[in-house]
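Only one structure is covered here, and it is reproduced in the block below.
First the proteins, then the strands, lettered A, B, ... as listed; each starts at 1.
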There are 2 protein chains.
Amino acid sequence: MTVSRRGPRERMVFSAAQLIRRDGVAATGLRDVVEHAQAPRGSLRHYFPGGKEQLVNEAVEWAGRYAAKRVDRFLAEMPEPSPSRLFEAMVRQWTDEYRSAGFAAGCPVVAATVDRAGSAESTGQAAAAAFAAWNRPVARALTQMGVPAGRAASLATLMISALEGAIVIARAERDVRALETVLRELGPLLDSGVAPRD
Amino acid sequence: MTVSRRGPRERMVFSAAQLIRRDGVAATGLRDVVEHAQAPRGSLRHYFPGGKEQLVNEAVEWAGRYAAKRVDRFLAEMPEPSPSRLFEAMVRQWTDEYRSAGFAAGCPVVAATVDRAGSAESTGQAAAAAFAAWNRPVARALTQMGVPAGRAASLATLMISALEGAIVIARAERDVRALETVLRELGPLLDSGVAPRD
DNA sequence: CCGCTACTATGACGGCTGTCATAGAGGGTG
DNA sequence: CACCCTCTATGACAGCCGTCATAGTAGCGG
């Protein structure tokens with residue numbers, strides 16, 4: 001990974017996100033993060049005076065920004081954008097990873113939400129912000145594709161919900177079946193002008 | 001809760017599921033489970049010689065059976081069953097809980113899948129079995145409602161995926177918005193005979 | 001009463017966790 | 001050189017974890 005050029009601080013946030021999405025928050029130790037990032041352990045306290053909570057929160061925020069950027073890149077590379085094609089790109093990212101790298105990891109934002117180590121009020125806010133940051137570019141793209149402004153945000157939420165759920169099921173089953181199913185069943189709906197109440 | 005009548009063993013499995021869906025697997029200590037279940041600590045080893053892994057797995061299996069039973073009950077209480085009405089009942093269960101009891105807890109199967117404490121090969125299998133046990137009655141119900149046999153299982157997977165994803169988002173946002181959105185957007189599709197490939 | 005089985009009580013063990021205190025490089029700047 | 005600020009090194013701390021060893025109780029069949 002092209003990561004060595006970045007500073008130790010950024011590497012630790014990145015590594016934290018990687019390990020959290022694999023093992024969960026509680027099972028990810030600060031010593032593991034330091035080792036994975038090849039960062040000096042002595043700097044942990046210096047860069048993250050808020051302790052583990054701060055590091056986890058920044059990892060979640062990073063994941064939110066990453067997901068948003070990915071959406072923008074999908075759209076930029078798309079010759080003829082359509083809702084179903086955007087959804088396909090989002091789902092494909094995960095089927096590709098699972099096929100090539102195995103089912104070890106999931107979404108770090110989900111992990112941080114589910115695996116709150118008791119308190120962690122701020123982590124919930126960070127996760128909510130990450131979902132919002134992800135939702136925003138999707139909704140914007142849908143609007144540009146002609147989806148009514150009122151429904152764009154709702155459809156974006158549906159897309160992300162279905163994707164996240166399918167990711168979890170795929171990990172449990174160690175099979176991309178759920179991801180492909182969701183894509184196949186939801187795609188046509190996204191393109192059609194089906195009204196919400198029939 | 002009407003739990004005291006059951007034996008200590010069953011209480012511990014139940015309590016484990018409750019705590020796991022709130023705090024995650026790693027953050028749920030065996031001592032917490034024993035206390036929550038008001039069970040004798042000395043019996044832990046006797047009933048679960050496989051240790052924490054066995055207890056977690058049984059809690060996940062229990063959750064799968066519970067979800068399946070819930071679906072059957074929803075259908076039994078439904079005067080005129082339809083796909084969207086079944087989905088509404090499934091979603092409503094969560095909006096009701098979140099409105100009345102807060103956003104502390106999620107789905108234990110998701111927690112066990114995401115928060116695998118490293119190894120836990122068997123827990124993944126238990127989670128996959130739980131999702132399958134949940135999918136089965138939903139697919140069967142859809143078939144009885146006239147959905148083609150080939151699509152029933154796929155639609156069931158879509159329903160569960162969207163629901164699970166929305167649960168996670170709702171917990172993060174501490175708002176039932178995502179659950180209501182998913183219900184509103186997906187309901188009409190489930191009832192309509194929209195073909196997969198337009 | 002004996003013996004057997006099912007279940008419970010208690011305490012300790014090593015290991016890992018996040019946090020913290022203390023000290024020390026390194027490099028600019030006055 | 002002296003100073004300060006940024007960053008790093010190291011080790012120790014209390015606390016919790018899952019696991020295990022040992023002992024003990026209750027109840028039943030013989």
Whole-Å gap separating C1' (D/dA9) and CG (A/Leu44): 13 Å

Quick check on DNA chain D: between A/Tyr47 and B/Thr28, whose nearest nucleotide comes earlier from the 5' end? A/Tyr47

Could you give the NE2-to-P distance, from A/His46 to D/dC7, as a whole number of Å? 5 Å

Starting at atom CD of A/Glu35, determine the distance to atom C1' of C/dT17, rounded to an integer number of angstrom. 15 Å

Just distance, no hydrogens or angles: give the donor-acceptor pairs under 3.5 Å from side chains in residues 164-176 of chain A, sequence neighbours left out.
unit_1, atom_1, unit_2, atom_2, d
A/Arg171, NH2, A/Arg22, O, 3.3
A/Arg171, NH2, A/Ala104, O, 2.7
A/Glu173, OE1, A/Arg177, NE, 3.2
A/Glu173, OE1, A/Arg177, NH2, 3.1
A/Glu173, OE2, A/Arg177, NH2, 3.0
A/Asp175, OD1, A/Arg177, N, 2.8

B/Ala39 vs A/Pro49, nearer the 5' end of DNA chain C by closest nucleotide: B/Ala39

Could you write out each protein N or O paired with an N or O of nucleotides 10-14 of chain D at a distance under 3.5 Å?
unit_1, atom_1, unit_2, atom_2, d
D/dG11, O6, A/Arg41, NH2, 2.4

Distance alone, cut at 3.5 Å: any donor-acceptor contact between the side chains of A/Asn57 and A/Thr123? yes

Return a table of donor-acceptor pairs under 3.5 angstrom between the side chains of residues 133-145 of chain A and protein atoms on other chains or two or more places apart.
unit_1, atom_1, unit_2, atom_2, d
A/Asn135, ND2, A/Thr157, OG1, 2.9
A/Thr143, OG1, A/Ala139, O, 2.9

D/dT6 C1' sits how many Å from A/Arg45 CZ, rounded? 16 Å

Separation of C/dT19 C1' from A/Leu55 CG (nearest whole Å): 14 Å

Mind checking what makes side chain to side chain donor-acceptor pair (under 3.5 Å) contact with B/Arg70, not counting sequence neighbours? B/Tyr66

How many whole angstroms separate atom CZ of A/Phe48 from atom C1' of D/dC7? 13 Å

With a cut-off of 3.5 Å and sequence neighbours excluded, list every side-chain donor-acceptor pair involving residues 88-99 of chain A.
unit_1, atom_1, unit_2, atom_2, d
A/Glu88, OE2, A/Arg92, NH2, 2.9
A/Thr95, OG1, A/Arg92, O, 3.0
A/Glu97, OE1, A/Arg21, NH2, 3.3
A/Glu97, OE2, A/Arg21, NH2, 2.8
A/Tyr98, OH, A/Ala105, O, 2.7
A/Arg99, NH2, A/Glu180, OE2, 3.1

Would you mind telling me which of D/dC7, D/dC17, C/dT8 lies closest to the side-chain atoms of B/Asp32? D/dC17

Measure CG/B/Leu19 against P/D/dG18 and give the value in whole Å, please. 12 Å

For A/Leu30 and C/dT17, give me the distance from atom CG to atom P, rounded to whole Å. 9 Å

Of all pairs that satisfy ring pair (Phe, Tyr, Trp, His ring centres under 6.0 Å), the ones with a partner from residues 33-60 of chain A, not counting sequence neighbours: none

Non-hydrogen atoms of A/Pro83 and A/Met159 that approach each other most closely: O-CE, 4.3 Å

